[in-house]
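Each chain gets a letter, A, B and so on, in the order the sequences are listed, and its residues count up from 1. Keep in mind that the numbers below use all heavy atoms, side chains included, and drop hydrogens, waters and symmetry copies.
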2 protein chains.
Amino acid sequence: MEGRWKLVIIHNLFGRDGGKPPVMRFSELERAIPTVSQKMLIQQLRCLERDGIVQRTIHPQVPPKVEYQLTCLGEALRPTLRALLDWANIRKQQSSD
Amino acid sequence: MEGRWKLVIIHNLFGRDGGKPPVMRFSELERAIPTVSQKMLIQQLRCLERDGIVQRTIHPQVPPKVEYQLTCLGEALRPTLRALLDWANIRKQQSSD
DNA sequence: CGGCATCCGTTCTGATACTG
DNA sequence: CAGTATCAGAACGGATGCCG
């Protein structure tokens, strides 16, 4: 199950540069990534959880509240994502020739 | 068309650490990646070529000889792949606890 | 709010056979 | 050697409806 949303989700869970990694609710992620369907979002989140990249926290209350945040292993992906974004910039520069 | 083979192909085209990026024939890539089908290999290579990551060189001769190598943009992915491999090591360490 | 179950068309992929 | 063509099964992904 190879999803192209994982990087987008992780990127959102990194938060803005300089800020702390946010803890996000399901609906927040939905709003942050408007193009992903609910089904895909939950599926990819479950997958990331199984892989130990994302931690899922259930707060037993009504209405339900579930929060997602990166694990230590997830945080460790930051250099990788940065390298990838750097590459995207190189690519953009080249294509603007 | 999201393929899980692209990284494997690129990794092979990087060559061994310390060596120069190799120029590989189709059959060499086939042998280097035994688990990929011929169809997928050619498909992913074509895709990487369209994306400007891999250069395909046809030598008009009999028997045919086609060589693949990374473009400049493809080479620029090296830091990204390295970061990813570093992360894989972190992951391996954690799971061996 | 944060899901899960189901249907259903689209896409992907492997296997196999064939070609210049 | 380096592909192309075709077919069938598997996987993907969106839409919809229901639930605690």
Worksheet item: How many Å lie between CD1 on A:Ile42 and P on C:dG2, as a whole number?
Response: 10 Å

Item to complete: Mind calculating the distance between CD (A:Gln43) and C1' (D:dC12) to the nearest angstrom?
Response: 8 Å

Worksheet item: Tell me, which of residues 54-62 of chain B have any heavy atom that sits under 4.0 Å from an atom in DNA chain D?
Response: B:Arg56

Worksheet, complete the sentence: Nearest heavy-atom contact between B:Pro64 and B:Arg25 is O-NH2, 3.2 Å

Worksheet item: Looking at side-chain heavy atoms only, is the closest gap between A:Trp5 and A:Leu41 below 4.5 Å?
Response: no

Worksheet item: What's the spacing between A:Ser96 OG and A:Arg91 CZ if we round to 0.5 Å?
Response: 13.0 Å

Worksheet item: From D:dC1, C:dG3, D:dG3, pick the nucleotide closest to the side chain of B:Pro64?
Response: D:dC1

Practice prompt. With side-chain contact (heavy atoms from CB on, under 4.5 Å) as the test, would you mind laying out the steps for A:Thr57 and A:Gln55 before giving the verdict?
Written response: CA-CA 6 Å; A:Thr57 312; A:Gln55 165 140 29; 3.9 Å; yes

Worksheet item: What are the residues of residues 24-33 of chain B, sorted by number, that bring a heavy atom to within less than 4.0 Å of DNA chain D?
Response: B:Arg25, B:Phe26, B:Ser27

Discussion item. Please determine whether residues A:Ile58 and A:Val23 belong to a single hydrophobic cluster, defined as Ile, Leu, Val, Met, Phe, Trp and Tyr linked transitively by side-chain heavy-atom distances below 4.5 Å.
Written reply: no

Protein N or O to nucleotides 14-17 of chain D N or O, pairs below 3.5 Å:
residue	atom	partner	partner atom	Å
D:dG14	OP2	A:Ser37	OG	3.2
D:dG14	N7	A:Lys39	NZ	3.4
D:dG14	O6	A:Lys39	NZ	2.1

Fill in: A:Lys6 NZ - D:dC12 C1' separation (whole Å)
12 Å

Worksheet item: How many Å lie between NZ on B:Lys65 and P on D:dA2, as a whole number?
Response: 9 Å

Worksheet item: Atom CG of A:Leu45 and atom P of C:dG3: how far apart are they, to the nearest Å?
Response: 8 Å

Identify each donor-acceptor pair in which a side-chain atom of residues 66-84 of chain B lies under 3.5 Å from a protein atom, sequence neighbours left out, and give them as a table.
residue	atom	partner	partner atom	Å
B:Glu67	OE1	B:His59	NE2	2.8
B:Tyr68	OH	B:Arg56	NE	3.3
B:Thr71	OG1	B:Gly52	O	2.6
B:Thr71	OG1	B:Ile53	O	3.1
B:Thr71	OG1	B:Leu73	N	3.3
B:Thr71	OG1	B:Gly74	N	3.1
B:Glu75	OE1	B:Arg78	NH2	3.4
B:Thr80	OG1	A:Ala83	O	3.2
B:Arg82	NH2	B:Asp17	OD1	3.4
B:Arg82	NH2	B:Asp17	OD2	3.1

Fill in: Contacts of B:Glu30 that satisfy salt bridge (charged side-chain N to carboxylate O under 4.0 Å, His left out) - sequence neighbours left out
none

Discussion item. If we check side-chain contact (heavy atoms from CB on, under 4.5 Å) with A:Asn12, which of these qualifies: A:Ile9, A:Val8, A:Ile10?
Written reply: A:Val8

Practice prompt. Give the angle between the helix axes at the two ends of the helix from C:dC1-D:dG20 to C:dG20-D:dC1, taking five base pairs at each end and rounding to 10°.
Written response: 50°

Fill in: Matching residue for B:Ile42 among B:Arg46, B:Gln44, B:Met40 - test: side-chain contact (heavy atoms from CB on, under 4.5 Å)
B:Arg46

Fill in: N or O in side chain of B:Tyr68 less than 4.0 angstrom from D:dC1 OP1/OP2
no

Worksheet item: Are the side chains of B:Phe26 and B:Lys65 in touch, meaning some heavy atoms are under 4.5 Å apart?
Response: no

Worksheet item: Just how far, in rounded Å, is P of D:dA2 from CG of B:Leu41?
Response: 11 Å

